[in-house]
Each structure stands twice: as structure tokens, then as C-alpha cells.
A.B. asks: 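Attaching a single structure in C-alpha cells format; questions to follow.
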Amino acid sequence: AKTKSVDEEFIKTQLLKTGGTPYNIKNLEIDISDGLFLSKSELNEIRRNSLSVLEEKIIDNNKRESDFKGLEEDESVNIKTNGYTAFVSSVEQLNAVAEFDFERIYIPCELLDDTDCFKENIKDKIIVALPEIIFDGELEKVEKIISKAKENGIDKLLINNPSQLKYAKDYKVFLSYRFNIWNEYSLKFYKDKYNVSAACLSPELSLKSITKMNKAAETEIIAYGHIPVMITENCIIKNTGKCPCNSEFVYITDRIGAKFPVKKAGNACRSILYNSVPIYLADKKNILNNTGCMMNLYFTVENAENVKKICKEYFENKADMPESFTRGHYFK
């Protein structure tokens, strides 16, 4: 050192600065002669290099061997479909879509007591949609509803999560978009293990990926609708000063003025928050037809008149662009 030499305290201060790392030095022994010099930057470099070497040794000593050989593509079955399916949230929406040639109509189980969905002209198309979340205390009521539906000839269920796959033993099951089917391997798994009848693919997929996907079962994509973005046990509707039990929509506004619809989730005391704008793809049907998937029209806030208008736009190729809409992730 030309001027000030380093001491143990100075070295200790620099070497113990491990706050930004997963390490904590508990014991440090320093052996240094008098009159030596090291800069602060050199000591910091020693600390960083030492911890880097330590990390490499830890990783090398904890590598696991795997006999996984990779996934094999199975192109023996590639089911391509077309046509339309509908998800409805109210009786008036059900009556409106019944006028159109939908292959399947998904109806929430809590609506079964409020409507005559057992009419012969639509009964074969009805799939009972289970609640997104079912607590243990709600299970008995839900199972009574679907058992009654089965007694009346409706034995198809739209399910939302793996816990509901237990119904595949007694019902024909359809997977909602909440299963987040992202590739052909997950689709084939559910088809082979649970014999699912069809699956709605993840709305976060691009149309390019969907078109390339080998499809072991019938598939759907959401081509229209306000997609749910959150389910909360906190009653948003009650917090606005309104009664959640009248099944009306309320709207909450974000910082840029976008209005998000909120509605009670069926018979349960929880709220569903929907996207402020709908997915709209009626003007892109030439592209959608090449995906090999059915188009699902997901109705939530729409009244009967709007439902019929939107159905005509898709069925009759008469796109009427809404003022605000999104393409979702389909063109990313």
C-alpha cells in the first residue's frame, strides 16, 4: 500500500455483501499481512467469482438423470371439425340461440330449474356446464342437478378443472377453455385417459399454432365473447351497494375508463369479472375455417336481440364490427 492499507474490517465488509444472492456467510476467517492494498472493486469481484464457482458446484452435484426420451407425435388421428357451439348465461340467451343451427349449447347447471331445456328440438344439443369452482358444501346440490338432467336424457357435462374429471365415468365430458389445452399432447392425454368428447383450446394460443396442432379429439376456439378474467370470493357487486342475488350485471371502471362487467357466479356467493371488450372474429371466418376447430360464441352480457344479431353475423358472414373489441392472442 502506498497510503492506506486494507484491514480485516474493510475486507469483511465487502465479502459479506451477499444480499442479492441466495447465500449468507455465517463464518469468515481472514488471514492478512500488514501493509497490503486491495481496492473495493477487487474485493467485490472476489466475492462474486467465489459465489459463482460455489453455485456451479452445487448445480453439478444435484443434477438428476432422466430416462424421458421425449414426446412422439401421433398423426394417425387428426380430427378436423367446423360449425358452431354456444355458451349461454341466461334463459333469454338460450331461447335466442335455439333459433340457430348450433352443434352444441352449453348452459350453466343452475339454469336448468329455470327453463325448459328438455325440449326435443334442442335437448340433444344441451351440455350442462358445471360451476367454475365447487366447494365441498356446494357439491351435493350440483350433483342433484346433473343427476336430474341425466334422468331427463341430458348426460353431457362441460367441466372446468381436473377435479371434475371424476364425472367422466358416468357422463360424456367436454373440457372448457379453463383446462388451458395448449398442445396436442395434453389434448391426446385427456382423450386417451378420460375419453373426452371435445375440448375448447386455450384462448392464449395463436391461430397459427391451433392450425398446426394435431387434434386427437374435436376442438373449439372462442370466436366471440367477453372472456372471464377473474373469479373472486369477495362480493364485488355487494361492495357497489347493489344486491348480487338479482343476477344483474354491474360494471367497475379502471383508470383508463374501461368498464368491466361483473355478475354473481350462478348460485354461489362469488363474483365473476369479465373482460371489458369482447373477442370478435366474424370478419376473419376465412382464417378460422382453416383451424379445424368449431367456433364457440360465448354469451354473457348480451340481451336476446344482441345474441341474434351476433349469431347472424357469424352464420351469414355479415360482420358488423363493434365499436370496441379485441382479437385476443389469436394473431400474435
Side-chain angles (χ1 to χ4, degrees), residues 78-108 111 115 117 119-129 154 156-159 172-179 181 187 196-203 205 207 210-211 213 215 217-228 274-275 278-322 325-331:
N78 190 8
I79 299 174
K80 295 184 178 181
T81 54
N82 52 44
Y84 295 91
T85 68
F87 181 94
V88 298
S89 304
S90 67
V91 176
E92 66 170 345
Q93 290 175 355
L94 174 64
N95 294 332
V97 301
E99 299 179 15
F100 296 86
D101 188 22
F102 284 99
E103 297 289 331
R104 295 187 284 271
I105 302 173
Y106 302 103
I107 174 172
L111 293 184
T115 181
C117 64
K119 292 178 180 178
E120 292 302 322
N121 64 323
I122 62 170
K123 188 167 76 169
D124 291 341
K125 299 180 179 182
I126 294 295
I127 289 91
V128 180
I154 300 178
K156 304 168 186 173
L157 300 180
L158 178 70
I159 62 177
K172 297 175 183 176
V173 294
F174 297 74
L175 306 186
S176 82
Y177 73 93
R178 295 180 184 278
F179 267 83
I181 300 295
L187 179 62
V196 299
S197 298
C200 187
L201 301 178
S202 170
L205 281 168
L207 291 178
I210 292 170
T211 303
M213 184 186 298
K215 303 169 180 66
E218 284 191 11
T219 50
E220 303 177 15
I221 56 174
I222 297 177
Y224 172 84
H226 292 263
I227 303 300
Y274 297 89
N275 198 7
I279 291 175
Y280 188 86
L281 297 170
D283 59 319
K284 301 292 184 181
K285 280 188 58 181
N286 58 325
I287 301 175
L288 299 182
N289 288 333
N290 293 327
T291 61
C293 303
M294 290 186 176
M295 288 175 258
N296 176 261
L297 307 186
Y298 195 96
F299 295 113
T300 52
V301 301
E302 298 80 7
N303 59 31
E305 182 180 350
N306 286 335
V307 168
K308 292 178 183 180
K309 176 179 179 294
I310 292 162
C311 289
K312 287 181 180 179
E313 291 172 16
Y314 280 82
F315 276 86
E316 300 176 8
N317 297 320
K318 296 179 179 178
D320 184 11
M321 310 301 289
F325 63 93
T326 178
R327 302 295 194 185
H329 294 264
Y330 291 131
F331 292 93

A.B. asks: May I ask you to test the Met294-Glu218 pair for a side-chain heavy-atom distance under 4.5 Å?
C.D. replies: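 The answer is yes; the side chains approach within 4.5 Å.
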A.B. asks: For the residue pair Gln93 and Ile107, establish whether any side-chain heavy-atom pair is separated by less than 4.5 Å.
C.D. replies: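 Gln93 vs Ile107: side chains apart.
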A.B. asks: Please check if the side chain of Arg104 supplies one atom and the backbone of Ile126 the other of a donor-acceptor pair under 3.5 Å.
C.D. replies: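 No; judged by distance alone, with no hydrogens or angles, the pair does not exist.
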A.B. asks: Working note: Tyr106 + Glu220, criterion side chain to side chain contact (heavy atoms under 4.5 Å, CB included); need CA distance, chi angles, decisive distance, verdict.
C.D. replies: CA-CA 13 Å; Tyr106 302 103; Glu220 303 177 15; 2.4 Å; yes
A.B. asks: Counting only heavy atoms from other residues, nucleotides and ligands, does the tally under 6.0 Å from NZ of Lys285 exceed 12?
C.D. replies: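 Check passes, neighbour count above 12.
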A.B. asks: At what distance, to the nearest 0.5 angstrom, does OG1 of Thr211 lie from CG of Leu288?
C.D. replies: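 Here the rounded value is 9.0 Å.
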A.B. asks: Would you indicate whether the side-chain heavy atoms of His226 and Pro278 approach each other to under 4.5 Å?
C.D. replies: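 With C-beta onward as the side chain, the pair touches.
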A.B. asks: Evaluate the side chain to side chain contact (heavy atoms under 4.5 Å, CB included) criterion for residues Leu175 and Ile159: first the C-alpha distance (whole Å), next the side-chain angles of each, then the deciding distance (0.1 Å), finally the verdict.
C.D. replies: CA-CA 5 Å; Leu175 306 186; Ile159 62 177; 3.7 Å; yes
A.B. asks: Would you say CG of Asn82 has more than 12 non-hydrogen atoms from neighbouring residues, nucleotides or ligands within 6.0 angstrom?
C.D. replies: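 Not more than 12 within 6.0 Å, no.
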A.B. asks: Does the side chain of Glu302 come within less than 4.5 Å of Thr300's, by heavy atoms?
C.D. replies: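 Yes. Closest side-chain heavy atoms under 4.5 Å.
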A.B. asks: Describe, in one word, how the ring planes of Tyr224 and Tyr314 are oriented to each other, choosing from parallel (under 30°), tilted (30 to 60°) and perpendicular (over 60°).
C.D. replies: perpendicular
A.B. asks: Judged by atom type as modelled, is there a donor-acceptor pair below 3.5 Å linking the side chain of Asn78 to the main-chain atoms of Lys215?
C.D. replies: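 Here the side-chain-to-backbone pair exists.
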A.B. asks: Is Glu99 reaching over with its side chain to a backbone N or O of Val97, donor-acceptor style, under 3.5 angstrom?
C.D. replies: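 No; judged by distance alone, with no hydrogens or angles, the pair does not exist.
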A.B. asks: Side-chain contact test, heavy atoms from C-beta onward, threshold under 4.5 Å: evaluate it for Glu103 versus Thr81 and give yes or no.
C.D. replies: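 Glu103 does not reach Thr81 side chain to side chain.
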A.B. asks: Could you measure the distance from the CG atom of Leu111 to the CG atom of Leu94? Nearest 0.5 Å is fine.
C.D. replies: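 Reported value, rounded in 0.5 Å steps: 8.0 Å.
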A.B. asks: Check this for me: does any side-chain nitrogen of one of Asp124 and Lys156 sit under 4.0 Å from a carboxylate oxygen of the other?
C.D. replies: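 Lys156 and Asp124: not salt-bridged.
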A.B. asks: Output the distance between atom CG (Leu297) and atom OH (Tyr84), rounded to the nearest 0.5 Å.
C.D. replies: 7.0 Å
A.B. asks: Would you confirm whether Ser89, through its side chain, and Phe299, through its main-chain N or O, come within 3.5 Å as a donor-acceptor pair?
C.D. replies: yes
A.B. asks: Going from CG on Asn290 to NZ on Lys80, what distance comes out if it is rounded to the nearest 0.5 angstrom?
C.D. replies: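 Spacing of CG (Asn290) from NZ (Lys80) equals 8.5 Å.
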A.B. asks: Just checking Phe174 against Phe179, ring centres under 6.0 Å apart?
C.D. replies: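 Centroid separation for Phe174 and Phe179: 6.0 Å or greater.
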A.B. asks: Between Leu281 and Phe331, is there a side-chain heavy-atom distance shorter than 4.5 Å?
C.D. replies: yes
A.B. asks: After noting the C-alpha distance and the side-chain angles of Glu305 and Lys309, does the key distance pass the salt bridge (charged side-chain N to carboxylate O under 4.0 Å, His left out) rule?
C.D. replies: CA-CA 6 Å; Glu305 182 180 350; Lys309 176 179 179 294; over 6 Å; no
A.B. asks: When you compare the side chain of Tyr330 with that of Ile222, does any pair of heavy atoms fall below 4.5 Å?
C.D. replies: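 In contact.
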A.B. asks: Less than 4.5 Å apart, any side-chain heavy atom of Phe102 and any of Cys311?
C.D. replies: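 Answer yes - side chains close enough.
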